[in-house]
Structures are given as structure tokens and as C-alpha cells.
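The structure appears right after this line, and notes come after that.
This one's a predicted model, so the numbers in the text were calculated from it and none came from an experiment. Throughout, protein chains are lettered first and strands after them, A, B, ... in sequence-line order, and every chain is numbered starting at 1.
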2 protein chains.
Amino acid sequence: MKKMSDKQGLSPDAVIDRLKAKGISATRQRVQIAELLFAKPQHLSADQVLERVNREDSTASKATIYNTLNLFARKGLVREVIVDPSKVFYDSNTSEHHHVYNLDSGVLTDIEFTSINMAELPPLPTGTTPVTVDLIIRVRESS
Amino acid sequence: MKKMSDKQGLSPDAVIDRLKAKGISATRQRVQIAELLFAKPQHLSADQVLERVNREDSTASKATIYNTLNLFARKGLVREVIVDPSKVFYDSNTSEHHHVYNLDSGVLTDIEFTSINMAELPPLPTGTTPVTVDLIIRVRESS
DNA sequence: CAGGTAATCTGGACTTATTCCAAAACCTTC
DNA sequence: GAAGGTTTTGGAATAAGTCCAGATTACCTG
Ligand SMILES: [Mn+2]
Ligand SMILES: [Mn+2]
Ligand SMILES: [Zn+2]
Ligand SMILES: [Zn+2]
């Protein structure tokens, strides 16, 4: 009987393949971080990744967490979401979508790309090409 | 002959009125910061405000710059723009508009609100009300 | 397997935007 | 001009993120 990975999400092998597909060598630390991130679409800060990776048995240092998240972002495995001036969120949902940020709770939620009807981009400053388009709706608890 | 303010922009009195209209008492430091910001629509970091306010004669401390920018933001006189994880921009253009952020140069540019055709907002998480909607297009020099 | 080389990881120091604090300066009112 | 609230201020504190130089690990070749 094949053992499935603990939680839902990709099997370790699938994670390794995903890293290798981007030309990233699959070290122990990288695989662990990737397994955590790719388990489901989610938004985690570097601190949260550090805490969760080290919660169980093995460990990864703070420097490695940052190195790895930056590497993954550069390679397109995660998306950096800049909504809170005090920390960056790393988003394992790499499909096109937008965000709702709850200023009261700090919770970041996805919004379907299609539920926002945006015309094509306006003329950008000359000599520039778009890299990312982010729509962020900040909300408050409507007590 | 009425003396106009140095650069273009509101006269000192107009600035003071604008502060008072928001219930902000017009101290020397606040007026100076407001004069700088309201001179034209622009995007400045706290550091840039500190540097420019203190470049000329009088002074304001770092703590006061932050206090004042946070106060102005809370009162709606400036808009905080979160595009760079390393610093907040304060935007003296309070009309509805969007932003282009040049990742290479760090320059932040306005985009007409109307040039983006957005349908009404999608359903937000229940129990929340929208506060701000920000569209940010990150670009690179297309060398 | 062994040795050599490059890549990766790590603890801890460092940087830096922002906030915090308690004392000083300022304003307004009697 | 004393009282009392508000604002400012220098400097300390906080915390995300980066840097660094020395291990550790991975990979390659024979
Ligand atoms: Mn980064
Ligand atoms: Mn703020
Ligand atoms: Zn997301
Ligand atoms: Zn703007």
C-alpha cells in the first residue's frame, strides 16, 4: 500500500519534481519548505514558514527560509504579496487572482480573477513592460 | 502686492485651512510637512519628507515626521501606498487613481482611474466593508 | 569508495524603517 | 503666569530582512 503524505497536498516526489522542473536542486530544507507551501493555496509570512517548518522534527535556519522564499519567488513557484508594510506574504497560489486584505484581522483572502472585469492595461510609461498586476481590496470588520 | 508661496502650490493659509478642516491643529511642523506634500501631487517616503523638510531653515524630528504622516493618513489628507516592502510611500494625490511601480528605478507613477475599466467589486468576505481598492502594476525597464 | 570542488546552509552580526518612551516645549485658558 | 492638555523630540527599542564567513552537504570524476 502506497503511503500518502501526512496532510493532503503533493507527495514528496511530486514536490521534488516541481522544484527540478524549475532548475532548483532539491535539498532537504527546500523540499520541506515546498511541501509546506504547496500543501494547499495559502498566504504565509517568512516568519510563519520558519515557525511551521521547525515545529516538527527537522529544522531550517532563518537565513535559509529567506533564501529559499526569495529563490522560489524568483523562479515563479510562489508570489510575493505586498499588502502589509510590516511583512511580505508568500502565496502558493500562482494562478492569476486578486486579494482582499482584512486590516483588522490581518487575514489575506483570494478573489477570483474572473470576478473582476478589468479592461486591458492602460498605456504604461514608455520603455517599460508589465511584470505583475495586483489588485488589493482592503477591508474592515463591519461591526 | 501679495506674496505668493515660494514654489507653486497652496499658500500657507490655504494649507492651514485644509488642516483645520480635518480638525488638525496647525502646528509649525505640521504646516511645513503639509506645504511640502500639498505643493503638487507626489509620492514621498517618510525619509524623503524628513530630508526635504529639514533641508531649509527650520526642522522637524523623525518622530514628528512619522507622527504627522500617520495622522494625515488617518485623516485622509494623504494616502499610504504599499508597493515596496522596504518603505511606505505617502501620496498627496487623494483622488481615485492607480499606480505603476517601476521595480528598476523605484519610481511610482499615477494612472488615471478611468483608464481602467473595473466592474463593481466582487462579493467580499461576509461581515467586511471595503476601505480602499488599490491596483498596482509593477513594471521593468524593457531594455 | 576517495578526493576535490561547487552549492547550500547556518548562527550570529548587521541594517534600517518604524515605533515607543519619558521628558521638554508649546498653547490655551483662567 | 500657573495649570493642564497637546505636541515635539532625542534616543532607545523593535523587528523584518540581509549579510557574512565558516561549516556541511551534494555532486563529479577517477
Ligand atoms: Mn524580497
Ligand atoms: Mn502606518
Ligand atoms: Zn493569493
Ligand atoms: Zn498616486
(request) Using distance alone, with no hydrogens and no angle criterion, decide if Arg30(B) and Ser25(B) have a side-chain donor and acceptor under 3.5 Å apart. (result) yes

(message) Just N and O in the side chain of Asn70(B): are any of them under 4.0 Å from OP1 or OP2 of dT18(C)?
(response) no

(request) Measure from OH on Tyr66(A) to C1' on dA13(C) and round the result to the nearest Å. (result) 15 Å

(message) Closest approach to the side chain of Lys62(B), judged atom by atom: which nucleotide of dT18(C), dT9(D), dT10(C) is it?
(response) dT18(C)

(message) Quick check on DNA chain C: between Ser45(B) and Ile24(A), whose nearest nucleotide comes earlier from the 5' end?
(response) Ile24(A)

(request) Measure from the side chain of Gln29(A), starting at C-beta and using heavy atoms only, and say which of dT10(C), dA13(C), dT8(D) lies closest. (result) dT10(C)

(request) Would you indicate which nucleotide in dT10(C), dT18(D), dT9(D) comes nearest to any side-chain atom of Ser61(B)? (result) dT9(D)

(message) Quick check on dA7(C): is either OP1 or OP2 less than 4.0 Å from any side-chain nitrogen or oxygen of Asn67(A)?
(response) no

(message) Assess, by modelled atom type and distance only, whether the side chains of Asp134(B) and His98(B) contain a donor and an acceptor separated by less than 3.5 Å.
(response) no

(request) Starting from P on dT18(D), measure out to CG on Leu50(A) and report it in whole angstrom. (result) 14 Å

(request) Figure out the CD/C1' separation between Gln48(A) and dG17(D), and round it to whole Å. (result) 16 Å

(message) From C-beta outward on Ala63(B), which listed nucleotide comes closest to its side chain: dG17(D), dC20(C), dT8(C)?
(response) dC20(C)

(request) Using atom NZ of Lys87(B) as one end and atom C1' of dA15(D) as the other, report the distance to the nearest whole Å. (result) 18 Å

(message) Any salt bridge linking Asp47(A) with Lys87(A)? Criterion: basic side-chain nitrogen under 4.0 Å from a carboxylate oxygen.
(response) no

(request) Using distance alone, with no hydrogens and no angle criterion, decide if Asn93(A) and His43(A) have a side-chain donor and acceptor under 3.5 Å apart. (result) no

(request) Provide, to the nearest angstrom, the distance between the CD1 atom belonging to Ile65(A) and the P atom belonging to dT10(C). (result) 8 Å

(request) Kindly indicate whether the side chain of Ile137(A), heavy atoms from C-beta on, has any atom under 4.5 Å from the side chain of Thr132(B). (result) no

(request) Using atom CD1 of Ile82(A) as one end and atom C1' of dA17(C) as the other, report the distance to the nearest whole Å. (result) 15 Å

(request) Calculate the interatomic distance between Asp84(A) atom CG and dG17(D) atom P; express it in whole Å. (result) 10 Å

(request) Please state how far atom CZ in Arg28(B) lies from atom P in dT6(D), giving the value in whole angstrom units. (result) 20 Å

(request) Could you tell me whether the phosphate oxygens of dA15(D), OP1 or OP2, come under 4.0 Å of any side-chain nitrogen or oxygen in Ser86(A)? (result) no

(request) Counting heavy atoms from C-beta on, name the nucleotide in dT7(D), dA13(C), dT8(C) closest to the side chain of Thr27(B). (result) dT7(D)

